[in-house]
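Just so you know, these numbers come straight off a predicted model, no measurement behind them. In what follows, every heavy atom counts, from backbone to side chain, and hydrogens, waters and symmetry copies are set aside.
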Amino acid sequence: MKKFMRWSLPVIVLVGVGALVAATASAHGTKHGRTAAKIQACVLLPDTKSSVRWELFDRPYLAKAFQAAHVSFSIVNAQNDAQKMRSQADQCLANGAKVILVTNLDSGSGAAIEAAAAARGAKTIDYDRLTLNGKSSYYVSFNNVSVGKLQGQGVVSGLRANGKYSKHPVVAELNGAPTDNNAKLFKQGYDSVLGPLYKNGTFKKGPDQSVPQWDNQKALTIFEQMLAKTGNKIDAVDAANDGLAGAVVAALKNHGLKPIPLSGQDATPTGVQYVLAGWQTMTVYKSVRLEANAAAAVAVNLIKGKKVQTNAKLSNGSRDVPSILLKPVAITKKNYTLLFKEGFLKRNQVCIGTYKKLCK
């Protein structure tokens, strides 16, 4: 029996992010780092597991936007602990926060935080993730169904490119956390592309499973099981983000298998490297700078009693929430330099080591 080198998921960036959380927790505890100071705005980030974006991108962009508006603030990370997030929210309210941006870990705990804020006379904004049956005044995110459509289209394009589109390829789906409403919207999007192709027999629907808490290690186990179930006969995967796509890449390498069409999301440094190397077909760029600036602007307007401009309304299950939805962009080998041009990523985050020769 052949033995292959065992590949595991990239951990260097995550370790760095963990250090960043520790290093910045006090530095950004408030506008000037005084943890006991009164604050006007509070941001509740969810974790570092579901994506590196929260600490790598969201925190600094939000901090910069609040500082520019001369608004005192606190940015904290719950590290995937719903009780910790509730405690952080209570501390923010005790410190005088008038507006709280909530990126929930699940809708139940998020709604409880929003109810507590409302009881204290504070406003809440759903940031990136819609809280079902919550009390948020606004929702700021991307059009997440469109994100899913881009992913589905990316998988289809990959199958056309490698010649398997007409050979009834088996397509697996590795979905985000079942507790995250965004994951449901992403799936709605890519199923709108892939569903008709399953139905008319062009594609064969393979394993379809959600990954608890967007946990990349659990995703690795789940996809290993998918491969075992199908005898390694999976021709493409719609993975809901770059972390899950990384789990697919690790499993394929573990089994000595070649790259297959594979989607992603978040345009992370590792995700873009996999795109350049051919292990990942595409990723989805959501300009966190635009999202953070839009959310901070809503918070500042609420604090200062100014009108908020929106462009959509989304139902949270109990009412329509005024929303600002931004447009996502598909990233492939052809246009990845857009990420450098817009300052989302730096060339030295991507074009390093074995990937340096792959960059334009």
Side-chain angles (χ1 to χ4, degrees), residues 7-25 27-28 43-64 75-81 85 101 103-105 127-129 141-142 147 151 174 176-177 180 182-183 186 211-220 239-250 262-277 279-280 282-292 295 328-329 331 336 339-340 342-353 355:
W7 288 77
S8 59
L9 298 178
V11 295
I12 296 174
V13 173
L14 292 180
V15 171
V17 166
L20 176 63
V21 175
T24 60
H28 288 125
V43 181
L44 304 177
L45 297 177
D47 55 45
T48 53
K49 267 193 170 184
S50 64
S51 177
V52 298
R53 62 164 283 187
W54 306 116
E55 294 296 331
L56 197 60
F57 304 124
D58 294 81
R59 180 188 286 272
Y61 283 136
L62 287 164
K64 185 176 180 179
I75 300 177
V76 291
N77 192 309
Q79 295 299 327
N80 206 34
D81 185 330
M85 182 177 283
L101 278 67
T103 305
N104 70 60
L105 285 165
Y127 181 59
D128 196 70
R129 299 174 181 174
S141 189
F142 285 81
V147 170
Q151 292 172 321
L174 197 59
D180 182 356
N182 278 6
F186 302 146
V211 178
Q213 302 169 329
W214 291 92
D215 188 302
N216 299 335
Q217 291 299 328
K218 290 178 181 177
L220 176 58
N241 76 356
D242 285 353
L244 304 188
V248 173
V249 172
L262 172 65
S263 67
Q265 179 186 178
D266 290 335
T268 62
T270 301
V272 177
Q273 287 174 335
Y274 282 157
V275 168
L276 292 174
W279 281 103
Q280 195 169 316
M282 57 83 70
T283 184
V284 178
Y285 169 41
K286 301 184 299 184
S287 175
V288 178
R289 177 177 55 83
L290 293 181
E291 186 180 19
V329 178
I331 295 294
Y336 74 93
L339 303 171
F340 305 149
E342 295 200 353
F344 183 74
L345 291 179
K346 294 179 180 179
R347 185 174 287 272
N348 63 12
Q349 290 177 292
V350 176
C351 305
I352 54 177
Y355 301 98

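At a cut-off of 3.5 Å, with distance as the only test, no side-chain donor of W54 or N77 sits close to an acceptor on the other residue.
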Practice problem: Kindly determine whether F344 and L290 satisfy side-chain contact (heavy atoms from CB on, under 4.5 Å), including the steps that lead there. | Solution: CA-CA 10 Å; F344 183 74; L290 293 181; over 6 Å; no

Quiz item: Run the side-chain hydrogen bond (donor to acceptor under 3.5 Å, both in side chains) check on Q265 and K286 step by step: do they pass?
Solution: CA-CA 8 Å; Q265 179 186 178; K286 301 184 299 184; 2.7 Å; yes

Quiz prompt | Derivation and outcome, side-chain hydrogen bond (donor to acceptor under 3.5 Å, both in side chains), residues T48 and Q79 | solution = CA-CA 6 Å; T48 53; Q79 295 299 327; 3.3 Å; yes

Self-check item: Steps toward side-chain hydrogen bond (donor to acceptor under 3.5 Å, both in side chains) verdict (D128, T103)
Solution: CA-CA 6 Å; D128 196 70; T103 305; over 6 Å; no

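A donor-acceptor pair under 3.5 Å is absent between the side-chain atoms of R347 and the main chain of F340, judged by distance alone. In this structure a side-chain-to-backbone donor-acceptor pair under 3.5 Å is present from Q273 to V350.
Between L220 and A250 the shortest heavy-atom distance is CD1-CB, 3.9 Å. Here the closest heavy-atom approach between residue P60 and residue E55 is recorded as CD-O, 3.4 Å. Residues R59 and L45 approach most closely at CB-CD1, 4.3 Å, considering heavy atoms. Taking every heavy atom of both residues into account, A63 and I75 meet most closely at N-CD1, 3.8 Å. Nearest approach of L101 to A295, heavy atoms of both residues: CD2-CB, 3.7 Å. The two atoms that bring A219 and L244 nearest to each other are CB-CD2, 3.6 Å, heavy atoms only.
No side-chain heavy atom of R129 sits less than 4.5 Å from a side-chain heavy atom of S141. F142 places none of its side-chain heavy atoms less than 4.5 Å from the side chain of V284. No side-chain heavy atom of L262 sits less than 4.5 Å from a side-chain heavy atom of Y274. In this structure the side chain of V272 reaches within 4.5 angstrom of the side chain of L339, judged on heavy atoms.
Ring-centre distance between Y285 and Y336: not below the 6.0 Å cut-off.
For the side-chain hydrogen bond (donor to acceptor under 3.5 Å, both in side chains) with W214, the lone residue among D180, N182, N241 that qualifies is D180. With T283 as reference, D242 is the one residue of D242, D266, T268, T270 to meet the side-chain hydrogen bond (donor to acceptor under 3.5 Å, both in side chains) rule.
Separation of atoms CD (Q213) and CG (L105) is listed at 8.5 Å; rounding is to 0.5 Å. Going from atom OG of S51 over to atom CG of L56 covers 8.5 Å, rounded to the nearest 0.5 Å.
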